[in-house]
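Below you'll find the structure, written out as structure tokens, and then a few comments.
Order of listing sets the numbers, starting from 1, for every ligand and every atom in it.
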Amino acid sequence: MEWAEYLLSREFRQFILDNNLFFPLLFVGRCIGITAIELIWPSRVVEYRKVMLKDLAVACLYFFVIFPCAIYLDRWIAIRPNLPEAILAMPFPVRVFCYFAVADFGHYWIHRLMHTKHVWRIHKWHHAPKYMYWLAGVRTTIPQQVIVNLPYIFAWSFLGLTPWWMELAIGAFNAFQNDWMHVNVTWRSNWLEWFLVTPRYHHIHHSDSPLHYKANLAALFTIWDRLFGTYVDPDSIKEPLTFGIGEEVPLVRLAVGV
Ligand SMILES: [Zn+2]
Ligand SMILES: [Zn+2]
């Protein structure tokens with residue numbers, strides 16, 4: 001079992017880090033693992049052969065162009081507060097919780113802003129797919145990514161000096177979170193929805209019914225929807241959902257956000 005030993009070795013880990021292979025390998029794992037889960041417990045029929053190649057191309061665009069460009073632009077506009085010592089002295093798990101709570105609160109309001117008349121165009125592409133599965137949520141324009149990153153960069157200050165793996169762990173978490181929200185599974189998860197966004201919870205947000213245009217905007221914690229009046233109980237939805245933006249917009253305009 002020499003190869004297994006090598007895979008667990010410090011050498012292999014260093015090789016992955018030196019060559020920036022962590023996220024590409026994670027992506028391959030997500031493709032195999034999450035697609036397999038969807039094939040076992042599918043909620044709706046998805047024509048993977050028809051949509052997946054296109055979505056993989058969008059994922060590449062996201063990885064190599066959209067995200068790096070957004071991070072570059074955020075350097076000029078993001079706020080990184082210097083937090084008081086008292087906050088930075090709190091135990092690490094508490095600060096990690098603060099990071100998620102603050103970032104997610106900001107994400108909720110940025111998302112809400114993107115559902116207003118004038119900003120909607122930069123977010124429309126995310127809602128364009130008429131199907132729903134884990135990779136359907138990969139669409140984001142550069143302006144959308146720029147403003148969605150802001151609360152996460154702001155909240156990063158709560159983490160203070162972090163261990164070397166924290167950036168990778170949070171990056172992996174964010175990727176899984178986005179997959180999870182869109183994943184095509186039948187799981188009923190009412191108890192979880194008291195705290196967390198689940199697939200069926202976020203799928204309502206992608207519904208093309210005008211009733212749901214501002215429903216379930218939260219990304220991680222459902223409390224924001226409950227507090228600020230955008231909560232729709234997944235159990236109250238009796239009809240099957242259909243997805244999309246209900247209009248045909250040229251792909252280039254969607255992808256650029258104009
Ligand atoms: Zn939205
Ligand atoms: Zn979505």
Angle subtended at the Zn ion (ligand 2) by NE2 of His202 and NE2 of His182, to 10 degrees?
-> 100°
Using the ring of each side chain (for Trp, its six-membered ring), is His182 parallel, tilted or perpendicular to His126, with breaks at 30° and 60°?
-> perpendicular
Any side-chain heavy-atom pair of Arg112 and Phe228 under 4.5 Å = yes
Result for side chain to side chain contact (heavy atoms under 4.5 Å, CB included) between Pro151 and one of Ile79, Ile110, Asp104 points to Ile110
Once the angle between the rings of Tyr72 and Trp76 is folded into 0 to 90°, is it parallel (under 30°), tilted (30 to 60°) or perpendicular (over 60°)?
-> perpendicular
Count up the protein N, O or S atoms sitting under 2.8 Å from the Zn ion (ligand 1), would you?
-> 5
Residues passing the side chain to side chain contact (heavy atoms under 4.5 Å, CB included) test with Glu239, sequence neighbours excluded, are none
Going through the checks in order, is the salt bridge (charged side-chain N to carboxylate O under 4.0 Å, His left out) test met by Asp235 and Arg200?
-> CA-CA 9 Å; Asp235 280 334; Arg200 65 171 198 154; 2.9 Å; yes
